[in-house]
Amino acid sequence: MHWADVLADELIKKGKKHVLATGITPSGPIHIGNMREVLTTDAVYRSLVEKGAKAEFIYIADDFDHLRKVYPYLPKSYEKYVGIPICDIPCPCGNHKSYADHYLEPFLNSLKKIGINPRVYRASEMYKNGKYSDAIQTALENTNNIRKIIETISKRELPKHWIPFNVRCEKCGRITSTKPVLYEFPNVEYKCDCGHEGSVDIREGGAGKLPWRIDWPARWKMLGVTFEPFGKDLGTVGGARQTGEKIVKDIYGYSPPNYAVYEFILLKGKGAMHSSKGTALSSEEMLNMTPPEVLRFLIMKNQPNKHIVFDPGFGLLSLVDEYDQNERVYFGEEEKTRGMKDLDKTYELSQPYEIPEKIPYQVPYRHLVTIVQIGKNWSGMKKILLRTGQIPKDLSDSDENHLKQRADHVKYWLECFAPDTARFEVKKNMPDMQLSNNQKKVLLSLVERLGTIHWEPKDIHNAIYDSSEMEKIPIKTTFKTIYQVILGQEKGPRAGYFLSNLDKSFVLNRFKEAVK
RNA sequence: GGGCCUGUAGCUCAGCUAGGUAGAGCAUCUGGCUUUUAACCAGGUGGCCAAGGGUUCGAAUCCCUUCAGGCCCGCCA
C-alpha cells in the first residue's frame with residue numbers, strides 16, 4: 001500500500017472529516033525541502049478525498065514570526081529589523097507588500113504549478129483580528145502548567161518571569177525584547193529593551209504572539225487540525241511536537257493531530273540544504289529545471305521518513321527517465337518490473353492536475369537535451385523531431401505543449417545546472433587548436449566524400465566511417481576531430497544526426513578551414 | 001547522551017506499510033544491428049540481502065542484540 005493511503009486510512013479510522021495543515025515560515029527563500037511538507041500533505045489529502053472523506057488542506061504562513069537574524073542573503077541594514085515580525089518588515093526588493101510576501105509569493109506560485117491549492121492562512125491576520133485571543137487568554141491562565149510541561153519535557157529552564165506570551169513593543173515593534181512585569185487580565189505590563197514601558201490588552205489584535213511551542217498547539221485547536229507533518233528536526237525528543245502534544249491535551253483540551261515525520265532532502269555532494277548557508281535549492285529554481293510531475297514523483301515514490309538525495313546534475317535526467325518509464329508501465333506499454341512499488345498510486349499522485357487519459361507522447365529526455373541545443377527554439381526543435389520521425393505529424397496540441405514545457409525545463413537546466421559535459425555549442429568561428437596530420441587527412445577525405453552525398457543522417461554517418469577506414473585512422477579519432485572543429489570539445493551528440501541538422505556548406509567550410 | 005535513516009550484484013539503488021523462487025539500471029562478457037560516441041536488440045556472468053539470535057511451515061521483509069555510516073536534537077524542513 002502507498003504511504004499516503006496508510007496515513008489516510010489511519011485518519012479515517014478516527015473520523016470522516018479532516019483538516020490537513022502545513023506551515024512554513026517565509027523568512028527566506030522557501031526551498032525544495034520545505035516543498036516536501038506540502039507535497040506530503042497533498043498526497044494524504046488526495047487519498048482522503050479519494051476514499052470519500054471530507055478534507056480541507058490549509059497552509060499557515062507564520063508571517064507574524066520575527067526575523068531571527070540578518071541572514072547572508074539580506075543587506076546589512078536589516079540588522080535594525082531583527083526581532084520584528086516579518087509582516088512588518090519592508091520587502092528586500094521593494095516589489096512586495098512586506099518581507100514575508102517577498103518570500104511567500106513565489107512559493108505560492110510554485111504551489112500552483114505543482115497542482116496544490118491550499119487555503120492560505122496568515123498568522124499575522126489571525127493575530128491582528130483577534131482570532132488568537134481565547135488561546136492567549138487560556139495560555140496565560142495556565143502559565144504555571146505550561147511552564148511545567150515545557151521544563152519537564154524539553155528539559156530547559158525558563159526565565160523567572162516567563163509568561164507564554166511575547167508582547168510586541170508598541171514603540172519599537174519587536175516581540176523579542178520585551179519583558180513582562182505584571183499580568184492582570186486583560187493587561188500585561190511590560191518593559192522593553194528599547195526603553196519603552198507600557199501595557200497591552202491581550203484581547204487587542206496584534207498585541208503580541210504566543211511563543212512557538214504554544215502557538216503550534218493553539219493553532220491545532222483553533223483550526224481543528226487533524227493531520228500535520230513536520231521535519232525530523234521537530235520530531236526529536238523534547239522537541240516542539242512533544243511539548244505541543246501535552247499542551248494541546250492538557251491546556252486546550254484537544255487531541256493532537258496525526259502526523260508524519262519527513263526526512264530531509266539532501267543535495268548530492270552537498271548534504272542538507274540550509275538557506276542561511278547558501279546550499280539551498282529554492283522551489284522556483286527546482287521547478288524551472290524539473291517538470292512539475294517529476295518533482296512530485298520524487299516525493300511520492302519515497303516514503304516520508306526516507307531521506308532523498310537529489311542530484312541536479314545528470315541524476316535529474318535519470319529521474320525523468322524513471323518517471324517516463326513509470327508512465328509507460330502505468331499505461332500498459334511496458335512490463336512492470338519488480339521494484340515499482342505502488343506504481344499506479346505513485347503515478348497518479350505525481351500528476352499536478354488531471355491524470356492523462358492516454359499516455360503523453362514521449363521523447364527521451366536525454367535526447368531533448370541534445371535537440372534543445374541544436375534546435376534553439378521550439379519550432380527549430382519541432383522541425384528536427386519531425387524530420388527524424390521522433391514525433392508524428394499529427395501530434396496533438398496537448399502533447400506538443402507537454403514537450404514544449406519539457407524543452408523549457410531542459411533549457412533552464414542546461415543554463416544553470418547541467419555539468420559541462422552535457423553542454424555543447426556550435427562555434428561560430430573555428431576554435432583555436434592544432435590538428436595532427438592524421439586528423440587533417442581524414443577531414444580532407446571527409447570534405448570530398450560529404451560533398452557528394454545526400455545530407456542525411458545515415459549517409460553522413462556512413463561517410464564518416466568510410467573516410468576513416470580509407471585513411472586507416474581510428475574511428476574514435478575521426479569523431480573526436482569532428483567535434484573539436486565544430487564544438488571545440490572532444491565529445492558530442494551522435495554525429496550523423498548532429499551534422500545533418502547543420503548547414504551542409506557550413507560544415508564543409510569549417511572542415512576546409514581546419515586543414516589549412 | 002537521545003531520536004531517525006541507511007547497510008541487498010563491481011557501482012547506484014528498488015523490494016521492507018501484504019512474510020511466499022533475490023530484482024533494475026550502469027559496468028562487464030557473448031551474439032546481432034554491414035561499423036561504440038552517456039545508441040539499440042537478444043542473452044550470459046555476478047549477491048550467505050552488514051553480523052548474530054528470535055517468531056514462523058516459510059524472513060531481505062516482523063522482533064531483539066551488535067557493528068558500521070549519515071543526519072537531527074536554541075532557530076532552520
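Below, chains carry the letters A, B, ... as their sequence lines are ordered, and counting in each starts from 1. Bear in mind the structure is a predicted one, so any value in this text is a computation, not a measurement.
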Chemist: Atom CG of Leu108(A) and atom CG of Leu104(A): how far apart are they, to the nearest 0.5 Å?
Modeler: 4.0 Å
Chemist: Look at the aromatic rings of Tyr81(A) and Tyr78(A) and report parallel, tilted or perpendicular, splitting at 30° and 60°.
Modeler: perpendicular
Chemist: Closest to the Asp466(A) side chain: U35(B), C75(B), C5(B)?
Modeler: U35(B)
Chemist: Any side-chain N or O of Tyr71(A) less than 4.0 Å from the OP1 or OP2 oxygen of C76(B)?
Modeler: no
Chemist: Measure from the side chain of Val6(A), starting at C-beta and using heavy atoms only, and say which of G74(B), A77(B), U17(B) lies closest.
Modeler: U17(B)
Chemist: Quick check against the 3.5 Å criterion: does Arg174(A) have a side-chain atom that pairs as donor or acceptor with the backbone of Val82(A)?
Modeler: yes
Chemist: Could you tell me the separation between the CG atom of Leu343(A) and the C1' atom of A24(B), rounded to a whole number of Å?
Modeler: 14 Å
Chemist: Mark yes or no for whether Thr226(A), through its side chain, and Val19(A), through its backbone, hold a donor-acceptor pair below 3.5 Å.
Modeler: yes
Chemist: Determine the sole option in Leu20(A), Asp9(A), Asp5(A), Leu7(A) for which the side-chain contact (heavy atoms from CB on, under 4.5 Å) test with Leu48(A) is passed.
Modeler: Leu20(A)
Chemist: Select from Thr478(A) and Arg68(A) the residue whose nearest nucleotide in RNA chain B is closer to the 5' end of that strand.
Modeler: Thr478(A)
Chemist: According to the interplanar angle, ranging from 0 to 90°, do the rings of Tyr347(A) and Phe331(A) count as parallel (below 30°), tilted (30 to 60°) or perpendicular (above 60°)?
Modeler: perpendicular
Chemist: Looking at His461(A), does any N or O in its side chain come under 4.0 Å of the phosphate oxygens OP1/OP2 on C33(B)?
Modeler: no
Chemist: By the 4.0 Å heavy-atom rule, please label Arg36(A) as base, sugar-phosphate, or nothing.
Modeler: nothing
Chemist: Just to confirm, is there a sub-4.0 Å distance from OP1 or OP2 of C5(B) to any side-chain nitrogen or oxygen of Asn305(A)?
Modeler: yes
Chemist: Looking just at side-chain N and O atoms, do Asp321(A) and Ser318(A) make a donor-acceptor pair shorter than 3.5 Å?
Modeler: no
Chemist: Which whole-number value in Å describes the distance from Ile265(A) CD1 to C5(B) P?
Modeler: 17 Å
Chemist: In whole Å, measure the gap between the P atoms of A27(B) and A42(B) for me.
Modeler: 16 Å
Chemist: Pairing check on U17(B): which nucleotide meets the Watson-Crick or G-U wobble criteria with it, both distances under 3.5 Å?
Modeler: none
Chemist: Fit a plane to each ring of Tyr73(A) and Tyr103(A), take the angle between them on a 0 to 90° scale, and name the class: parallel (under 30°), tilted (30 to 60°) or perpendicular (over 60°).
Modeler: perpendicular
Chemist: Could you tell me which nucleotide pairs with G43(B) by Watson-Crick or G-U wobble geometry, both distances under 3.5 Å, or answer none if nothing does?
Modeler: C29(B)
Chemist: Report all interatomic pairs (protein N or O, nucleotide N or O of nucleotides 7-13 of chain B) with separations under 3.5 Å.
Modeler:
none

Chemist: Please set out all donor-acceptor pairs under 3.5 angstrom arising from side-chain atoms of residues 289-299 of chain A, sequence neighbours excluded.
Modeler:
from	atom 1	to	atom 2	distance (Å)
Thr290(A)	OG1	Met286(A)	O	2.9
Glu293(A)	OE2	His402(A)	NE2	3.3
Glu293(A)	OE2	Arg406(A)	NH2	3.2
Arg296(A)	NE	Leu349(A)	O	2.8
Arg296(A)	NH1	Asp42(A)	OD2	3.1
Arg296(A)	NH1	Ile114(A)	O	2.6
Arg296(A)	NH2	Asp42(A)	OD2	2.6
Arg296(A)	NH2	Leu349(A)	O	3.0

Chemist: Please report the distance, rounded to the nearest Å, between CG in Asp233(A) and P in C5(B).
Modeler: 15 Å
Chemist: Write down the partner of C75(B) under the Watson-Crick or G-U wobble criteria, each distance required to be under 3.5 Å.
Modeler: none
Chemist: So His2(A), base contact, sugar-phosphate only, or nothing? Heavy-atom distance under 4.0 Å.
Modeler: nothing
Chemist: Looking only at atom C1', what distance separates G46(B) and G23(B), rounded to whole Å?
Modeler: 13 Å
Chemist: Distances for protein N/O vs nucleotides 69-71 of chain B N/O pairs under 3.5 angstrom?
Modeler:
from	atom 1	to	atom 2	distance (Å)
C71(B)	O2'	Lys232(A)	NZ	2.8
C71(B)	O2	Lys232(A)	NZ	2.7

